[in-house]
Every structure is written in structure tokens, then in C-alpha cells.
Protein chains: 2
Amino acid sequence: MKLTQIYQCLCDQTRLRILNLLHGRELCVCHIQEILGEPQVKISKHLAYLRAHGLVATRREANWVVYRLPERPSRDLSANLACLQDCVREIPVFGRDSARLTRLKAKFEVSSPICCTTKARIPQSSHRKVE
Amino acid sequence: MKLTQIYQCLCDQTRLRILNLLHGRELCVCHIQEILGEPQVKISKHLAYLRAHGLVATRREANWVVYRLPERPSRDLSANLACLQDCVREIPVFGRDSARLTRLKAKFEVSSPICCTTKARIPQSSHRKVE
DNA sequence: ACGGTATATACCTTAATACGTATATAACAC
DNA sequence: GTGTTATATACGTATTAAGGTATATACCGT
């Protein structure tokens, strides 16, 4: 993949916020959506863009589509993702997102569901890569 | 300066080639132009774009405008420029550009001019920052 | 002043991007 | 099957970007 395409993916604030959230964990669309406080279509399109360029991978889990960073990023991609992590550390909006993620995760671990809704529905399922 | 603006500057191949050439040295427009083999207007506009976003600084030297990387880049910028240098090391086009630069520099050091033309015209001048 | 070289900008066209509204698809519960 | 939730896509619009042609500006040499 071309280096310029990596940078094209990185030159939008919403996409950077998404990548920040996905660092070290996977998330379904509606979690991302709720954390960022942006409309569903906006999140979905940015995720599609990232996926089309290989910056994220997906797997379906029942109703939900779970996004994650690729497990084998290219040298260029992993270098840039690391650099990004380094940069966002000092930028408030990303810290706020991470904090919201923590709160949300904790909340859902208490109310028990696998994913986003307030009602638990799906039994624990294995976290194998499907795609 | 916003992180996304840095990435916007980096998401064009010509701009990456320019930044690669400017790593550790300064160059006038026509040198850049000759090395990259691209039309003057294209180079000039990309340089203007980079300058408008603070990724390069300039100084005028007689007829020529000399471009360089900023001497005090922000944390984010220097992190990304370093990452870029790391990435381009393995991409052929950038190596070719650097090789051409070396050849061109050598050639002009022999034929003596300060800058681009084949005829020397300007006496040695100090390399102080003007801007 | 004039002519020449180096660089920048105006203007145009085309393509890509971002966002929104509305709708489609996928998986589930019943 | 129907209804519901989660996610994706189609389509329209406004903005931005990239490239080209032509022209302007800046500096130099005379």
C-alpha cells in the first residue's frame, strides 16, 4: 500500500479519533459512534474508508461489526500508527475520547451485554478472527 | 498547528518527494524542479502549500528562493518527519531522487555556481536565516 | 530604463472528499 | 414470515485539491 494512502487516511480528525480508540482494542460501530458523539452514517463512512485502505479490519459478531487495527500492519503503517499514538497523547480531544471509552466499557461490563445495547442478548462467543 | 494539517501535507507524493529532498539540507525551487522532473508550476504550488501549512520555511537568495524544513518544528511535525524519513528509506522513488540530488549537487559544485544555472553569477553569500 | 531568469499566482477544469437525507442490507427475536 | 437493531450504501451538494495554461512578480545584469 502506498504511503500517501496512509496519510490520506490520517488527514481527517474523525478518522484519527477512531484510530485512537482502536489502539489496543476492538470496538463495534455503535460504541465508536457513541463515544465520538457523531452520526452513524458519518462514522460508518469513515470506517469504510479506513477499511478500503487497509487501516482497519473487521469481523462480524451477531448484529454487530467489530473493527480493529490490522494484526499484520505493513512497516509503514505500523510506524505511522505508533507515531500517531505518540502525537495524540498530548491532544485533549483524544484523551477525552479515551476517557469516555473507559467509562463506557466499565458501564457495559456491569450491565453485562456483549455489545452496545443496554440489554444483553448474545452469549459469550469466541474472539477468533473471521476475516 | 493541527495534526490533520500535517497529514494533509503528507498525503501527496510530490510533497513527500520534496520533503525527502529537504531533509538535512536546503534547496532552491529550480533544483527541486530539476531533480523531480516536474513542471515549475507544479513544484511551486506544492511548495506554497507546504509553506502555508508551516512544513517548510523559505529565504530569498538573489534570484532564488531557498526552501528548508523549519528549524523549530513542533513536536508533532518533527515526529512525523522522522517517521517519514524512516518510511521513505525503503521506497525506490525517494532513493532515486536522493541519488539525483547527489549527482546534481556534485555537478554544480564543480561548475561553481551558487545556484541552479550553469553560469556562476553570485559571489558566495552567507547562509543566515532571513525570515 | 530594458531584457532575462527564477518564482509565484490567477484562472480554469476535473476529480476527490465530507457531510447529510434517505434507503438498503444483515442478523436477530418472535 | 414480521418487526427491530446494527450497519452500509446511494444520491445530492458543497468544499477542497491537483493539474494545466497563461500571466504576474522579484531580482539581477546591462
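Convention: sequence-line order gives letters A, B, ...; per-chain numbering from 1.
- With values rounded to the nearest 0.5 angstrom, A/Leu84 atom CG is found 8.0 Å from B/Asn80 atom CG.
- Here the side chain of A/Tyr67 is nearest to one of D/dA8, C/dG4, C/dA8, namely D/dA8.
- With no hydrogens or angles considered, a side-chain donor-acceptor pair links B/Gln13 and A/Lys2 at under 3.5 Å.
- In this structure, A/Arg60 does not reach the D/dA6 phosphate: none of its side-chain N or O atoms is under 4.0 Å from OP1 or OP2.
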Are any protein N/O atoms closer than 3.5 Å to N/O atoms in nucleotides 18-23 of chain D? If there are, list each pair with its distance.
{"unit_1": "D/dA18", "atom_1": "OP1", "unit_2": "B/Arg15", "atom_2": "NH2", "d": "3.1"}
{"unit_1": "D/dA18", "atom_1": "OP2", "unit_2": "B/Arg15", "atom_2": "NH1", "d": "3.2"}
{"unit_1": "D/dG19", "atom_1": "OP1", "unit_2": "B/Lys42", "atom_2": "NZ", "d": "3.4"}
{"unit_1": "D/dG19", "atom_1": "OP2", "unit_2": "B/His46", "atom_2": "NE2", "d": "2.8"}
{"unit_1": "D/dG19", "atom_1": "N7", "unit_2": "B/Lys45", "atom_2": "NZ", "d": "3.2"}
{"unit_1": "D/dG20", "atom_1": "N7", "unit_2": "B/Lys45", "atom_2": "NZ", "d": "3.3"}
{"unit_1": "D/dG20", "atom_1": "O6", "unit_2": "B/Lys45", "atom_2": "NZ", "d": "2.4"}

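- Closest to the side chain of A/Ser44, out of C/dT5, D/dA8, C/dC28, is D/dA8.
- Between the side chains of A/Lys42 and A/Gln33, no donor N or O sits under 3.5 Å from an acceptor N or O.
- One atom, CG of A/Leu50, and another, C1' of D/dT7, lie 15 Å apart when rounded to the nearest Å.
- Scored by the side-chain contact (heavy atoms from CB on, under 4.5 Å) test, B/His23 finds B/Gln85 as partners (sequence neighbours excluded).
- Taking atom CD on A/Gln33 and atom C1' on D/dT7, their separation rounds to 9 Å, with Å as the unit.
- Rounded to an integer number of Å, the gap from CG of A/Leu10 to P of C/dT17 is 14 Å.
- Taking atom CG of residue B/Leu16 and atom C1' of nucleotide D/dA17, one finds them 15 Å apart after rounding to whole Å.
- Atom pair A/Ile43:CD1 and C/dG20:P shows a separation of 10 Å (rounding to whole Å applied).
- Salt-bridge check for B/Arg100 with B/Glu34: failed, with every basic side-chain N at 4.0 Å or more from each acidic carboxylate O.
- Using a cut-off of 4.0 Å between Lys/Arg side-chain N and Asp/Glu carboxylate O, B/Asp86 and A/Arg75 are scored as salt-bridged.
- Note: CD (A/Gln13) to P (C/dC19) measures 10 Å, nearest angstrom.
- Put simply, the side chain of A/Arg60 gets close to the backbone of A/Ala62: a donor and an acceptor are under 3.5 Å apart.
- A/Asn63 has its CG atom 5 Å from the C1' atom of D/dA6, to the nearest Å.
- The distance between atom NE2 of A/His53 and atom P of C/dA16, rounded to the nearest whole Å, is 11 Å.
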